Amino acid sequence: MTVAAATNEHLASISNVLIYSSMAVYTLAFFAYIAEWLFGSRSKVGRTAAALTDRPEARRTAGAPAVTVKKAGGTAVLERPEVVVRSAAGARDVPDGPGAHGGDEQGDLYGRIAISLTVLAFLVELAGVVARAASVQRAPWGNMYEFNITFSTVAVGVYLVLLALRKNVRWLGLFLTTTVLLDLGLAVTVLYTASDQLVPALHSYWLYIHVSTAILCGAVFYVGAVATILYLFKDAYENKLAGGGKPGTFADSVLDRLPAAASLDKFAYRVNAAVFPLWTFTIIAGAIWAGDAWGRYWGWDPKETWSFITWVAYAGYLHARATAGWKGRKAAYLALIAFGCWLFNYYGVNIFVSGKHSYAGV
Amino acid sequence: MSKTTAPDGPRDQELGEAGSQLSTVPEESSPGGPTLGVIGWLRWFWRQLTSMRVALLLLLLLALAAIPGSLIPQTGTDITKVAEFRKDHPTLSPAYDRLGLFHVYSSVWFSAIYILLFVSLIGCIVPRTWQFVGQLRGRPPGAPKRLTRLPAYTTWRTGAEPEEVREAALALLKRKRFRAHLAGDAVAAEKGYLREVGNLAFHMALIVMLVAFAWGQLFKSEGNKLLVEGNGFSDTLIDYDDFKSGNLFTTDDLTPFSFTLDEFTGTYETSGPNKGTARTFEAALTYAEGAYGKDRKTVVRVNHPLEIGDSKVYLTAHGYAPVVTVRDGKGDVVFSGPVPLLPLDSNVTSSGVIKVLDGYRDAQGATDQLGIKAFLLPTYVAGNEVSSSFPALLNPVLNLEPYHGDLGVDSGIPQSVYKLDKSHMKGFEDDKGRQLRKNLRPGQTMELPDGAGSVTYEGTKEWANFQITQQPGSGWALVGALGAIFGLAGSLFIQRRRVWVRAVRGDDGVTVVEMAGLGRSESAKVPEELGELAGTLYDQAPGVAEPDDDPSDVSVPAEGAEQQ
Ligand code: HEM
């Protein structure tokens, strides 16, 4: 017993070292992303402005739509018919920005370094989470400290998976590492809890199902929220340009390099919509577990209530997108409110409201 | 604003029939007020209620209305907290009471919101279902005049006959599980109806869930019973320590069964940083179904309730019950048995009161009552006198502090069995005139001063608390929940889209093939899929050289195809 306990303590301290190391590497990645943005600012392309001001008729007259052309079926079939893609009438044909490096070679290099560092930091952090799990011999989701480190690992994981799938998400890097550093800083200072066993109420395979999906949903919702915020900025920027206004140099430089507002909006929608069924499942799994553990599947416990509120808010967001007069910015605000509910459910309810879900360990 | 629009607005006018009914989203009714009398008003109200806009507002309202219940203590979850809140906020509480803020989720206004929402939901689902059935029975709309206007478009010239191409296209689309038919000079096809099925299924599943939940609330029951090892319980109202039930519940609904707690076992980590953390809690039971059922054995654990008929028996708490024997001034036994104590911390330091109400006589033979404060350390370690050092019974010490006088239990004010109201009690004193207090180990006896009797600590039993619940309708709630998930997945992951293939003979006698695709939103998938279809069809109707073109020119203006 004592030998096992000693290795557990040993593993727990290894985990701590790994988490701190990952923070160091994330910090390096953060600076590399900054460098990418800085070098990128050297190239002033002003694509958005060009698209919006040089060809105003592209926007207004539905009769002369902009046309882009895509090759069908890959590269080898040159002789095959090409598919012409046309955006909807009334849509703004703003091209996606080139990304943080703005086409600058050195910026691109720093961006690649930043991504490599992010991958490294992710692996180190993942090892830290695994060591923590091994030290407590259970899933590392017993208290807020563990929840936080797992959460940021998964959020970065989601980002890297999207990158690996060749989705246009590289622009997320800086915003993600910044918040991951905040999240980890909070975890190691305020939320730190020595590794500890679970109370019997948490001994259930539903823990694995319910909590793992909750973390994944949170991470994906988070990515969606970042995209939504950027959408709001970019949309305001495009509106200003379209109205003949002159945005500040900073906005000009930064926002111009982001994808078009329409792309950001679509990305945010896809991400949120894709994870909404999983969030529904998470709540239902929680209800089944509550039924086993507490004798009722739904009891309006604060945690349950806020999961419900979050769910209804996201349902509202999805509805808004199908409702005339609510698409676009209004729907985006709803998405942010919904994510705010998710955040409050996590931090607010754990810290300020007492209920049956008293695993916070703070 | 930027748009990732469904086919409405300008595009709809442009495409006419082709873009219509690609979903069953209700049309926005004009905000203009009603004009015609009562019926007109009703119709207007109904149309408003079942519009997407109002559904959205009701959803947001529901989220908003759920908030106060999570911040203000609720009678449904924690009555003691509500009582505390009332004491701390004497002016606020009456106002809260009037607004139903102590039971938000059963308050009039909360109910009003979700009932309106569900009326709206039903009012929305029914017409949408009919509309969808209509779409299923009809056929995909024919090709619009100008296919070039569609979001994805391709064209080529081929030596094959137009009829041949159309037939090949029809076969191809059918093979790809499109619903396709020939309409004039073009094939019209549509796919992804499951999206609408999923969406309707999801919204119907919500109704199933709500009904199941309401049913469960009306017919539920929930009670608690604390049992010391060796004691039993039978499922009748009087046998519960406390009991709550839904409005339509009657005692006939109780499942007849009984059980006895044979043994409670708790095991704990004995070393390491997690020393003292609970490993297992198990209650071994003997139970019988019905009034004369056969005895059966089972083990109830946290997260693993015992299910008997509609009822579930949960293990919710445990603690220790020292067995004590109290003798009075004449040496007669006036109390003997286990006294459940309330655990105070994770090492199960426990406290409670031994109350002797009747039969006790003091040294002079006068009737009196005894109240003995009891404090148990399951594991006493020298140096730590105030709390237990481990949750298991390794070295139990029972600290007793006896009082006599009027326990006040007859005064009508409900009293906790774990607390001693000392207002009419007097402490027994030791030789030095201080409150008598003594630590006992199992088997030891404390003598009360001046021959007032004695208290013996015989040993320790464990107790377990059981929650017995009945919640009918949970099976239906689960069915609804699963339906909702699958419906949602269908609704969100399946794209509904249309494809048209037109093949006509051009002015120069060469067949011109045009293909176009339309989805609900501008998805990258629609052009991709169109490309694949075109590729396959192209193999069956290979291209011939363009009359006057430059093959490297990729940005063919959309009108190019029409001129041929
Ligand atoms: C109980 C409350 C409701 C909830 C939780 C809810 C939830 C949802 C969700 C999550 C979606 C997303 C699926 C998608 O985007 O395809 C959706 C779609 C939809 N809902 Fe609801 N809904 C509710 C009530 C209503 C009501 C009352 C109506 C009728 C006005 C309605 C009409 C629709 C329609 C037409 C869609 C499809 C939108 C589309 O195809 O994009 N819903 N609903």
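Note that this is a predicted model, so its numbers are computed, not measured. Note on naming: letters A, B, ... go to the chains in the order of the sequence lines (proteins, then strands), and numbering restarts at 1 for each one.
Comparing A:Gly316, A:Ala287, A:Cys341 by how many heavy-atom pairs each has under 4.5 Å with chain B, the most go to A:Gly316. Ranked by heavy-atom pairs under 4.5 Å with chain A, the list B:Ser474, B:Gly517, B:Ala489, B:Ala484 is led by B:Ser474. In terms of heavy-atom pairs under 4.5 Å with chain B, the best-connected choice from A:Ala320, A:Gly299, A:Ala313, A:Ala260 is A:Ala320. Among A:Pro277, A:Ala236, A:Ala273, the residue with the largest count of heavy-atom pairs under 4.5 Å with chain B is A:Pro277. Ranked by heavy-atom pairs under 4.5 Å with chain A, the list B:Leu537, B:Leu64, B:Thr469 is led by B:Thr469.
Both the backbone and the side chain of B:Thr154 have a heavy atom closer than 4.5 Å to some heavy atom of chain A. For chain A, no part of B:Thr316 is nearby; none of its heavy atoms comes within less than 4.5 Å. Of the two parts of B:Ala516, neither the backbone nor the side chain holds a non-hydrogen atom closer than 4.5 Å to a non-hydrogen atom of chain A. Using a 4.5 Å cut-off between heavy atoms, B:Leu57 contacts chain A through its side chain alone, with no backbone atom that close. Proximity to chain B involves both the backbone and the side chain of A:Ala274, based on heavy atoms less than 4.5 angstrom apart. Within the 4.5 angstrom heavy-atom criterion, only side-chain atoms of A:Leu334, from C-beta onward, approach chain B. For a residue to count as touching a neighbouring chain, one of its non-hydrogen atoms must lie under 4.5 Å from one of that chain's; by this rule B:Phe486 does not touch chain A.
For A:Phe308 and A:Trp300, the ring centers sit closer than 6.0 Å to each other.
Side chain to side chain, A:Thr310 and A:Trp279 fail the donor-acceptor criterion of an N or O pair below 3.5 Å.
With sequence neighbours excluded, the residues satisfying side-chain contact (heavy atoms from CB on, under 4.5 Å) with A:Ile288 are A:Trp206, A:Ile284, B:Leu478. Legend: residues meeting side-chain contact (heavy atoms from CB on, under 4.5 Å) with B:Val104, ordered by chain and number and at least two apart, are B:Pro68, B:Gln74, B:Leu101, B:Trp109, B:Phe110.
Side-chain atoms of A:Asn272 and A:Phe276, non-hydrogen and from C-beta on, never get closer than 4.5 Å to each other. Within the 4.5 Å cutoff, the side chain of B:Phe493 has no heavy atoms near those of the B:Leu488 side chain.
For CZ of A:Phe233, the number of neighbouring non-hydrogen atoms (other residues, nucleotides, ligands) closer than 6.0 Å is 12 at most.
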Problem - Verdict with reasoning, B:Leu60 to A:His319, per side chain to side chain contact (heavy atoms under 4.5 Å, CB included) - result: CA-CA 11 Å; B:Leu60 298 183; A:His319 266 216; over 6 Å; no
